[in-house]
Amino acid sequence: MYLFGSKNYNLDAKGRLTLPANYRKQFEDNVVLFIPLKDALYGYTPESFGQWVDGFFQRDGKSFDARNREHVELRRQLTGSAVPVEIDSAGRVALGKVDASDPTARARLGLEREVTVVGVVDHFEVWNAQAWAEKMKNNADKLDKLMFG
């Protein structure tokens, strides 16, 4: 899966986001929304979400260890902060579904009306549009240095 680009959207009155057409092609009928503590809401296919979670435990040739209490607790927290959401026939994702898991998430992330959807290769992120613009502005010099030395 390869998701690229960014686009500004307005959520509708029910908190639904219409996914960009090129993103919808990468997903079948549903998306896993991950609710981080800050920044943006992340959207994965079920398979890529599982790979993302497993990647945290693949260090030094080792993988998830069900006998390791810390692994179990961290994996539980990661998967417990995720919400599976269907993509409707119009290509919309109901961001309001995250409210059942974390009633403060959308307000904390500023996802109430104007948002920017950003492709990040294996997932997309939904940012408050103003926060995304500020992040891009703040990272301009870092990106220039990365690209041109």
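What you see is a predicted model, and the numbers here were worked out from it, not measured in a lab. In what follows, every heavy atom counts, from backbone to side chain, and hydrogens, waters and symmetry copies are set aside.
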side-chain hydrogen bond (donor to acceptor under 3.5 Å, both in side chains) contacts in which one or both residues fall within residues 93-119, not counting sequence neighbours
Asn8-Thr116, Asp99-Arg106, Asp102-Thr104, Asp102-Arg108, Thr104-Arg108
Using the rule that Ile, Leu, Val, Met, Phe, Trp and Tyr join whenever any side-chain heavy atoms are under 4.5 Å apart, tell me whether [X] and [Y] fall into a single cluster.
{"X": "Met136", "Y": "Val120", "value": "yes"}
{"X": "Ile35", "Y": "Val115", "value": "yes"}
{"X": "Leu74", "Y": "Val53", "value": "yes"}

Parallel, tilted or perpendicular, as decided by the 30° and 60° cut-offs, for the rings of Phe4 and Tyr2:
parallel
Whether Trp127 and Trp132 hold their rings parallel, tilted or perpendicular, with breakpoints at 30° and 60°
tilted
Give the minimum heavy-atom separation between Asn128 and Gln130, together with the two atoms involved.
OD1-N, 2.9 Å
If you take all heavy atoms of Tyr23 and Gly5, which pair is closest and at what distance?
OH-O, 3.0 Å
Does CG belonging to Leu37 count more than 12 external heavy atoms closer than 6.0 Å?
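No, because the 6.0 Å sphere around CG of Leu37 holds 12 heavy atoms or fewer from other groups.
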Might you confirm whether atom CG of Asp144 has over 12 heavy atoms from other residues, nucleotides or ligands at distances under 6.0 Å?
yes
Measuring from atom [atom1] of [X] to atom [atom2] of [Y], what distance do you get when rounded to the nearest 0.5 angstrom?
{"X": "Leu41", "Y": "Leu33", "atom1": "CG", "atom2": "CG", "value": "5.0 Å"}
{"X": "Glu47", "Y": "Glu28", "atom1": "CD", "atom2": "CD", "value": "7.0 Å"}
{"X": "Asp141", "Y": "Leu146", "atom1": "CG", "atom2": "CG", "value": "12.5 Å"}
{"X": "Leu78", "Y": "Glu73", "atom1": "CG", "atom2": "CD", "value": "11.5 Å"}

With side chains defined as the heavy atoms from C-beta onward, is the minimum distance between Phe49 and Val31 less than 4.5 Å?
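No. Closest side-chain heavy atoms not under 4.5 Å.
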Are the side chains of Phe27 and Leu3 in touch, meaning some heavy atoms are under 4.5 Å apart?
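Side-chain contact under 4.5 Å: yes.
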Does the pair Lys142 and Lys145 meet the rule for a side-chain contact (heavy atoms from CB on, under 4.5 Å), with working shown?
CA-CA 5 Å; Lys142 292 176 190 175; Lys145 185 175 180 178; 5.8 Å; no
Quiz: residues 81-92 side-chain donor-acceptor pairs under 3.5 angstrom, not counting sequence neighbours:
unit_1 : atom_1 : unit_2 : atom_2 : d
Ser81  : OG     : Gln77  : O      : 2.9
Asp88  : OD1    : Ala90  : N      : 2.9
Asp88  : OD1    : Gly91  : N      : 3.1
Asp88  : OD1    : Arg92  : N      : 2.8
Asp88  : OD2    : Arg92  : NE     : 2.7
Asp88  : OD2    : Arg92  : NH2    : 2.9

Among Leu111, Asn10, Leu95, side chain to side chain contact (heavy atoms under 4.5 Å, CB included) partner for Leu17
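Only one option passes, and that is Leu95.
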Just by modelled atom types, is the Leu143 backbone N or O under 3.5 Å from a matching donor or acceptor in the Asn139 side chain?
no
For Thr79 and Arg75, indicate whether the former's side chain and the latter's backbone hold a donor-acceptor pair under 3.5 Å.
yes
In chain order, what residues pass the side chain to side chain donor-acceptor pair (under 3.5 Å) check against Tyr42, with sequence neighbours excluded?
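Tyr42 satisfies side chain to side chain donor-acceptor pair (under 3.5 Å) with no other residue.
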